[in-house]
Amino acid sequence: MSIEGRVWVFGDSIDTDLLAPGPYMRKSLPELAEHCLEAIAPAFASQVREGDILVAGEAFGIGSSREQAAQVLIQLGIRAVVAKSFARIFYRNALNLGLPALVCPEIEAETGERLALDPLSGKIVNRERGREFQAEPIPEQLMAIVNAGGLLPYLKARFSGSSEA
Amino acid sequence: MQTLSEKILSRASSRDRVRPGEIVTCRVDLAMMHDSGGPRRVAARLASLGAKVWDPDKIVLASDHFVPAVDIESAEILALTRRWAHAEGVKNFYDQEGICHVVIQEHGHLRPGMFAVGGDSHSTSGGAFGAFMVGIGATEMTGVLATGEIWIKVPETIRLVWQGRFGSAVSAKDIMLFLCARLGMNNNYKAFEYAGSAVEAMPMPERMVLCNMAAELGGKAGIVEPDQTTLAALEAAGVDPESDALNWKSDLDARYAQTHEFDASALEPQVAAPHSPANSTAVGEHLDTALDLAYIGACTGAKLTDLHMAAAALKGRKVASGMRLLIAPASTRTTAAAAADGTLAILTEAGAKILPSGCGACAGMGAGTLAAGEVCISSTARNFKGRMGSPEARVYLGSPYTVAASAVRGKITDPREFVA
């Protein structure tokens with residue numbers, strides 16, 4: 001699995017209220033997604049494209065357990081998030097929803113550049129800069145979920161396969 | 001040689017011992033959900049697996065986010081929650097009785113040594129009862145509902161020792177705002193264990209604040225060793241504690257990643273400036289910041305003890321002209337108790353407006369939402385940009401003492417002016 005896309009860069013402590021603002025939480029996912037990050041980047045939701053990659057600083061996704069914070073990114077077309085660090089609930093939510101979340105403290109990129117990455121090996125390439133980065137490996141137990149495309153497909157396989165048990 | 005958190009994870013994963021960094025599969029003793037992240041998000045997924053809830057008696061469900069319904073969308077979410085509880089045979093369903101983190105302990109669902117999960121980041125609150133309780137998202141909750149299990153990376157434990165007695169108008173909330181500034185908010189995969197004479201002296205609702213805001217530290221859990229105060233609270237909730245309840249303690253030779261010692265008597269009332277709890281300093285640095293609204297609410301700041309703090313600052317005083325003080329008691333039982341002991345009368349005579357019990361304005365979903373340009377001081381846990389309404393609003397955080405004192409002056413005020 002390899003992902004290549006245009007990059008959006010954000011800073012530290014991007015919280016779940018910025019990603020999925022409370023006042024719109026009762027709305028449908030597409031409506032909620034229109035407000036993703038609008039408090040700090042009003043053009044993001046309308047300009048982000050299918051296949052883009054989000055790069056962020058420390059503690060990406062701090063705050064609430066609402067998994068819409070990850071789901072709106074998928075809805076908008078984001079195919080991977082690379083951050084220096086993640087808040088733990090966001091990290092689990094992203095992988096459970098099949099959105100690769102890579103921890104890479106060394107990552108260097110600017111909005112508009114392109115990255116190519118392999119979520120399984122953690123290799124990230126910024127060709128414009130001629131730089132290669134290595135993300136921290138995803139724990140083995142989680143790889144099975146990532147490989148299945150998320151927790152639900154993973155469980156589906158388990159439930160359909162365990163009928164003889 | 002294990003910490004309390006490690007002991008609980010060992011028991012839940014049927015192992016003799018676990019070590020920090022290990023990933024273990026745990027059997028879940030209790031799973032809590034609310035209307036926002038609960039049936040609305042898990043019902044269809046569970047059905048798509050062809051699975052039923054593994055054990056309906058181990059589920060606690062509370063409608064607290066979209067309450068009371070203010071439009072058709074919120075009414076439909078609440079209706080779906082009700083239907084699902086009925087269809088799945090979930091008896092522990094609390095429909096608009098208050099915030100899940102408060103309701104769950106009022107009704108005696110938490111006990112020392114439990115391994116519990118909650119579909120809300122502030123589920124860490126349950127650690128006040130000596131349980132290991134961790135917040136998870138809705139897909140993860142679907143997995144728990146289907147299997148009764150979850151994988152957990154065993155966290156290192158950080159021990160936070162608070163010795164001594166609080167000065168006047170200082171509370172657990174001030175400890176947590178102080179710690180957010182001191183330790184930062186990115187302490188991932190850590191359990192915070194609170195100890196020391198200041199913690200031992202705290203009633204359960206104050207210990208809940210410590211564990212609640214472990215979430216703001218980025219922690220996986222907050223926990224306090226059970227003691228006689230815990231047992232008394234369990235008995236008051238109608239629970240007959242197990243005889244070994246007090247055995248759930250860290251070993252004397254347990255290994256901690258860090259231990260920090262603090263002097264509670266030296267702690268001043270704290271205020272967090274917009275837009276992060278980590279922007280906390282002593283209240284003196286914020287004096288005279290003009291305010292439009294004071295909000296006392298949420299799981300963090302509207303339990304009975306919180307209303308008592310507010311009443312201590314408001315008794316015989318009035319909310320400043322042009323200032324709004326909104327109070328959303330954390331549960332209907334809280335409101336009833338505050339009515340019975342005279343607290344509610346002090347609050348309303350001062351000019352406070354009493355709102356329905358629920359998460360309310362804290363998460364920008366209920367009554368009290370902020371307009372652009374408004375400045376608020378709140379007893380809640382988070383002041384992220386846009387959380388309580390408009391991204392152009394500014395929210396300060398403080399203890400119920402500080403929020404109430406500030407309501408009287410119409411500007412950020414040191415509560416020690418009013419509370420001896």
Side-chain angles (χ1 to χ4, degrees), chain A residues 12-18 21-28 31 35 37-40 42 57-60 62-71 84-98 103 139-142 145 150-160 162-163, chain B residues 23 25 36-37 41 45 48-51 65-66 70-71 73-74 76-77 118-123 134-143 146-147 151 153 155 184-186 188-189 215-216 218-220 275-276 278 359 361-366 369 382 384-392:
Chain A
D12 293 340
S13 301
I14 300 300
D15 63 69
T16 52
D17 291 288
L18 294 174
Y24 307 101
M25 279 285 286
R26 75 184 55 153
K27 305 286 184 189
S28 68
E31 284 176 271
H35 301 279
L37 294 170
E38 71 178 358
I40 56 168
E58 302 286 354
F60 187 80
I62 59 169
S64 165
S65 65
R66 65 186 73 159
E67 72 177 4
Q68 289 96 325
Q71 215 170 6
K84 293 182 176 173
S85 63
F86 288 92
R88 52 162 293 278
I89 304 179
F90 180 93
Y91 181 76
R92 291 181 74 124
N93 284 344
L95 296 181
N96 283 336
L97 289 165
V103 179
E140 211 174 301
Q141 286 87 340
L142 267 172
I145 293 170
L151 182 63
L152 223 54
Y154 172 80
L155 285 173
K156 271 181 187 153
R158 175 172 157 179
F159 271 80
S160 60
S162 67
S163 51
Chain B
I23 292 182
T25 299
S36 183
R41 310 263 317 155
R45 290 168 172 168
S48 79
L49 293 175
H65 273 63
F66 297 110
V70 294
D71 54 16
E73 286 156 329
S74 45
E76 292 291 353
I77 293 168
D120 189 281
S121 58
H122 286 120
S123 299
V134 59
I136 62 173
T139 299
E140 190 108 65
M141 183 62 83
T142 307
T147 66
W151 66 267
K153 186 173 171 185
M185 298 179 68
N186 199 19
N188 272 315
Y189 295 103
E216 274 54 55
K220 175 175 254 167
H275 297 283
S276 171
C359 304
C362 172
M365 298 179 192
T369 307
R382 290 183 190 140
F384 296 148
K385 195 178 178 70
R387 177 171 174 85
M388 290 184 73
S390 168
E392 309 309 320

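To find a chain, count down the sequence lines: A is the first, B the second, and so on, and within it residues start at 1.
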Side chains of [Y] and [X]: any donor to acceptor distance under 3.5 Å?
X: B:Asp71; Y: B:Ser74; result: yes
X: B:Thr139; Y: B:Arg45; result: yes
X: A:Ser85; Y: B:Asn186; result: yes

State whether the side chain of B:Arg387 and the backbone N or O of B:Cys362 hold a donor-acceptor pair below 3.5 Å, judged by distance alone. yes

Has B:Lys220 got a side-chain atom pairing as donor or acceptor with B:Lys153's backbone, closer than 3.5 angstrom?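 The answer is yes, because a donor-acceptor pair under 3.5 Å joins these two groups.
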
Chain B heavy atoms under 4.5 Å from [X]: which part of the residue, side chain, backbone, both or neither?
X: A:Leu155; answer: both
X: A:Gln68; answer: both
X: A:Asn93; answer: side chain
X: A:Arg88; answer: both
X: A:Pro21; answer: neither
X: A:Ile62; answer: both

Residue selection (most heavy-atom pairs with chain B, distance under 4.5 Å) from [options]:
options: A:Ile89, A:Leu97, A:Asp12; answer: A:Ile89
options: A:Ile145, A:Leu151, A:Leu18, A:Leu152; answer: A:Leu152
options: A:Ala69, A:Ala87, A:Ser13, A:Gly63; answer: A:Gly63

Part of [X] within contact of chain A (heavy atom distance under 4.5 Å):
X: B:Arg382; value: side chain
X: B:Tyr189; value: both
X: B:Ser48; value: both

Between A:Arg92 and B:Glu140, is there a salt bridge with N-O shorter than 4.0 Å?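 Result for this pair is yes, salt bridge flagged.
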
Test side chain to side chain contact (heavy atoms under 4.5 Å, CB included) applied to B:Ala146 - qualifying residues, sequence neighbours left out: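 Testing B:Ala146 for side chain to side chain contact (heavy atoms under 4.5 Å, CB included), a comparison that skips the adjacent residues, returns A:Phe159, B:Leu46, B:Leu49, B:Ala51.
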
For A:Pro139, what residues pass the side chain to side chain contact (heavy atoms under 4.5 Å, CB included) criterion, not counting sequence neighbours? A:Tyr91, A:Gln141, A:Leu142, B:Ile23

Less than 4.5 Å apart, any side-chain heavy atom of B:Arg41 and any of A:Gln71?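 Yes, at least one pair of side-chain atoms sits under 4.5 Å.
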
Tell me, do A:Val103 and A:Phe86 make a side-chain contact under 4.5 Å, heavy atoms counted?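 They are in contact (side-chain heavy atoms under 4.5 Å apart), so the answer is yes.
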
For chain A, which of [options] has the most heavy-atom pairs under 4.5 Å?
options: B:Ala138, B:Ala278, B:Ala363; value: B:Ala138
options: B:Thr147, B:Thr142, B:Ile77; value: B:Thr147
options: B:Ile136, B:Thr25, B:Thr369; value: B:Ile136
options: B:Gly137, B:Gly389, B:Ser276; value: B:Gly137

